[in-house]
Trainee: 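Before I ask anything, let me first share the structure, which is written out below as structure tokens.
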Protein chains: 2
Amino acid sequence: MADDEHEGPERGTDSVPADEARPGPRRGAPTIYDVAQVAGVAPSTVSRTFSRPGRVNSETADRIRKVAAELGYRTNPMARALSTTHTNLIALVVPDITNPVYFEIINGVQDEAAEAGYIVVLVDSRESDRQERDALERALPIVDGIVLGTSRMSDAAIRMIAKQKPMVVINRAVREIPSVVPDNPRGVRRALEHLGELGHTTVTYLAGPEASWADGMRWRGLREASLELSVHVRRIGPLAPTVAGGIAGAKAWLQAPTTGVIAYNDLVAIGFMRAVQARGVRVPEDVSVVGYDNIFAADLVTPSLTTVATPRRALGSAAVRNLVAQMKGAHPRGGPPVVVPVKLMERSSTAAATEQP
Amino acid sequence: MADDEHEGPERGTDSVPADEARPGPRRGAPTIYDVAQVAGVAPSTVSRTFSRPGRVNSETADRIRKVAAELGYRTNPMARALSTTHTNLIALVVPDITNPVYFEIINGVQDEAAEAGYIVVLVDSRESDRQERDALERALPIVDGIVLGTSRMSDAAIRMIAKQKPMVVINRAVREIPSVVPDNPRGVRRALEHLGELGHTTVTYLAGPEASWADGMRWRGLREASLELSVHVRRIGPLAPTVAGGIAGAKAWLQAPTTGVIAYNDLVAIGFMRAVQARGVRVPEDVSVVGYDNIFAADLVTPSLTTVATPRRALGSAAVRNLVAQMKGAHPRGGPPVVVPVKLMERSSTAAATEQP
DNA sequence: GTGAAAGCGCTAACAA
DNA sequence: TTGTTAGCGCTTTCAC
């Protein structure tokens, strides 16, 4: 281990009491210049070794890598970013981390991003247009691309931002912007089919927030399916996409009950069930309810909730794949959204229709 | 709108078919030099205007800001980072985003970080020591500090990293490293007290993962409280901190039932309830169960779960406050952990003890 | 295949 | 208070 003697004194200096070295950037972290000097090559060669392997003789490269390892060299991301103008960061925007729907999306995004060598920056928009724009504005200059997971911003605002950085939108279609969405029409259709097969002739749709693109899609899909399947659908809402929203929906529903109910999402469905159960209405005996999303809690409540499972992890990873392609130079395809399939999870909150409650 | 004529031709060029302008860094984004020139000052003055307001004449500053606004100047974070060596990014490490326990922590961290002008980078360690180290290793060079939300790494590994960047640990105490933890001893004590008051004389503790620092704390707290309160405690485990873990725990518990059960966390409690209910055991009539954490689903299950609420949002924000102080130069205080209070939520899964089931 | 040198955009002494 | 001048560490032509 008789190293290059140049190292001697410096190492020695380095080993003063660690207490002295307060946390922070390592003073004198080795740079390409240090490596270059020890390896007896030019800095540019060291740079190439790490940024363009292959553009350098494999023997010199080996030597350089060895020296780098010995010196503990790590390429400085900021310096690299300054000259290349990309950071290997992507922003993931979600309206509310607290909403169980996003966990899996986050996971999908994380996984795929990690695989592609990107780090993700979380932007929580707190369900607010303003917050979302501000937070995004702050993150924008440091990221290479953006995944918009269910945005609350206007199409115009979204397009504005998409002009500045590659972007892909989840759970929403915005013209000219690549997007990936679950197969909502199919989802609500399956839900309605299921209820129809169980003999329900009229079902109530507990609608989501007015601004929700997905809600529009679902309601439309429901109406279309309604015709084909000759099941009547009614609509209550708009409702907040939460347990509280479901409770509010229940109040309205009690005025004019139906034997079947399809909710905007699982949270609403759960709120609805609790509220009607509290009034003595039995689920599924008196009313069958179908949720949407298949969140974790759907399988925990009593009765367990029949629901349309959206492939949220797939949504997240598909989005990142698309984004990475864009960042690698592919032109953003303004085509139709990528749609990923959904699946009906039949559980215990639905049963054959009996008489009107 | 007769702008500076210099802009004319370039703007024109800029408005060619948008398809041509592939997404990416705005070509020729204005720099401090552009602003300086137009404002008739030196670049350094522009720099100061934004990085050290106050160190520049307020009139010139106004003028500069005006020009900057007109030109659409935005300071380049990468360039700034390169010369200052800090990025205004902090890393938040959580073992599993999917675990409901972390949502609120994430929120607390996000809020406090935003307030302090930091952006958070999410590092999901997938409950794996390896993954955590790798991911952290990647994020390390670009962040100014780290919040470790329930780490799976060894104390030594943690200390290693803390040498490089300011850090604060949540849910765990590591010597020499600032940390913030919930009042676990108090939490389990309250749980046991509650059960004791209800007449339970023997309770089973459904233990968490072996590697869990919190589990150790809770078990220890339980044993101590057991003496004082003269309630017998038994232990089953280690168990995975999941619904599945709870189901496994139920199997063991059925061999030797007790009228009271305290679970490592809510997920375990929920799994336990489901499993014993499936065997015909009634909750709370036959067995009272207390969870830990008060996750969202705790109030959704049947019966709703009595549980110890940990102030997770407070945990997150306290951690960031401490971290920011460190990054601002305060020496990391190796003192005792900051402990935040917990609270017992009495719901429907606990009731007076009857005979042994 | 490798080296020399010019930036990337900003901050930070040091002068004036 | 403001200007001048070096860098920060890396990438990237352009020669050799």
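As a basis for the values below, the full set of heavy atoms in this structure was taken, side chains included, without hydrogen atoms, waters or symmetry mates.
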Trainee: Do Arg48(B) and dG3(D) have a side chain to base donor-acceptor pair shorter than 3.5 Å?
Mentor: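 Yes, a donor-acceptor pair under 3.5 Å.
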Trainee: Counting side-chain heavy atoms from C-beta on, which of dT2(D), dG9(C), dG3(D) comes nearest to Ala42(B)?
Mentor: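 Given the options dT2(D), dG9(C), dG3(D), the side chain of Ala42(B) is closest to dG3(D).
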Trainee: Answer yes or no: is there a side-chain heavy-atom contact under 4.5 Å between Val94(A) and Thr150(A)?
Mentor: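 The answer is no; the side chains never approach within 4.5 Å.
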Trainee: Heavy-atom distance under 4.5 Å between the side chains of Glu132(B) and Leu148(B), does that happen here?
Mentor: yes
Trainee: Asp34(A) has an atom CG; how far is it from atom C1' of dC8(D), in whole Å?
Mentor: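 Atom-to-atom, Asp34(A) to dC8(D), this comes out as 13 Å.
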Trainee: Round to the nearest Å and state the distance from His86(B) atom NE2 to dC8(D) atom P.
Mentor: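 To the nearest whole Å, that distance equals 17 Å.
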Trainee: NA contact type, Tyr73(A), heavy-atom cut-off 4.0 Å: base, sugar-phosphate, or nothing?
Mentor: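 Contact class for Tyr73(A): sugar-phosphate only.
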Trainee: Could you check how far CZ of Arg80(B) sits from C1' of dA12(C), rounded to whole Å?
Mentor: 13 Å
Trainee: Specify the separation, in whole Å, of atom CD1 of Ile32(B) and atom P of dG3(D).
Mentor: 12 Å
Trainee: What is the nucleic acid contact for Ser51(A), judged by heavy atoms within less than 4.0 Å: base, sugar-phosphate only, or nothing?
Mentor: sugar-phosphate
Trainee: Tell me the interatomic distance from Arg74(A), atom CZ, to dC10(D), atom P, rounded to whole angstroms.
Mentor: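 Spelled out: CZ on Arg74(A) to P on dC10(D) is 12 Å.
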Trainee: Given dC10(D), dT2(D), dC10(C), identify the nucleotide with an atom nearest to the side chain of Thr45(B).
Mentor: dT2(D)
Trainee: Nearest heavy-atom pair of Val56(A) and Ala61(A): which atoms, and what distance?
Mentor: CG1-CB, 3.9 Å
Trainee: Is it true that the side chains of Thr75(B) and Arg80(B) contain a donor and an acceptor less than 3.5 Å apart?
Mentor: yes
Trainee: Taking for each residue the nucleotide of DNA chain D with the nearest heavy atom, is it Ser44(B) or Leu82(B) whose nucleotide lies nearer the 5' end?
Mentor: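 Nearer the 5' end of the strand: Ser44(B).
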Trainee: Salt-bridge test for Arg159(B) and Glu176(B): reply yes if a basic N is under 4.0 Å from a carboxylate O, no otherwise.
Mentor: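 Salt bridge: no.
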Trainee: Could you tell me whether the side chain of Val123(A) reaches within less than 4.5 Å of the side chain of Ile119(B), counting heavy atoms only?
Mentor: no
Trainee: Let's see if you can work this out: which of dG3(C), dC10(D), dT11(C) has an atom nearest to the side-chain heavy atoms of Val41(A)?
Mentor: dG3(C)
Trainee: Looking only at side-chain atoms of Ala79(B), point me to the closest of dG9(D), dG9(C), dT11(D).
Mentor: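 Side chain of Ala79(B) sits closest to dG9(C).
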Trainee: Would you say the side chain of Tyr33(B) and the base of dC10(C) hold a donor-acceptor pair, judged only by whether the two atoms sit under 3.5 Å apart?
Mentor: yes
Trainee: Mind calculating the distance between CG (Asn76(A)) and C1' (dT11(D)) to the nearest angstrom?
Mentor: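 Distance check: Asn76(A) CG to dT11(D) C1' gives 13 Å.
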Trainee: Verify the contact: side-chain N or O of Ser47(B) to OP1 or OP2 of dC10(C), cut-off strictly under 4.0 Å; return yes or no.
Mentor: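 Checking dC10(C) against Ser47(B), no side-chain N or O comes under 4.0 Å of OP1 or OP2.
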Trainee: In whole Å, I'd like the distance from the CZ atom of Arg55(A) to the C1' atom of dT11(D).
Mentor: 12 Å
Trainee: Can you tell me if Arg52(B) touches the phosphate of dA12(C), counting only side-chain N or O atoms and a distance under 4.0 Å to OP1 or OP2?
Mentor: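 Yes, such a contact exists.
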Trainee: Does Thr31(A) have a side-chain nitrogen or oxygen under 4.0 Å from the phosphate oxygens OP1 or OP2 of dC8(D)?
Mentor: no
Trainee: Compare the minimum distances between each of dT2(C), dT11(C), dT2(D) and the side chain of Asn57(A), then state the nucleotide with the smallest one.
Mentor: dT2(C)
Trainee: Please compare Pro77(A) and Gly40(B) by the position of their nearest nucleotide in DNA chain D and report the one closer to 5'.
Mentor: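 On the 5' side of the pair lies Gly40(B).
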Trainee: Once you apply a heavy-atom cut-off of 4.0 Å, does Val46(B) come out as touching a base, just sugar-phosphate, or nothing?
Mentor: nothing
Trainee: Quick one: Gln37(B) CD to dT2(D) P, roughly how many Å, whole number?
Mentor: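 Distance, rounded to whole Å: 19 Å.
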Trainee: Which nucleotide wins on minimum distance to the side chain of Thr60(B), given the candidates dC10(D), dT4(D), dT2(D)?
Mentor: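 From the listed options, dT2(D) comes nearest.
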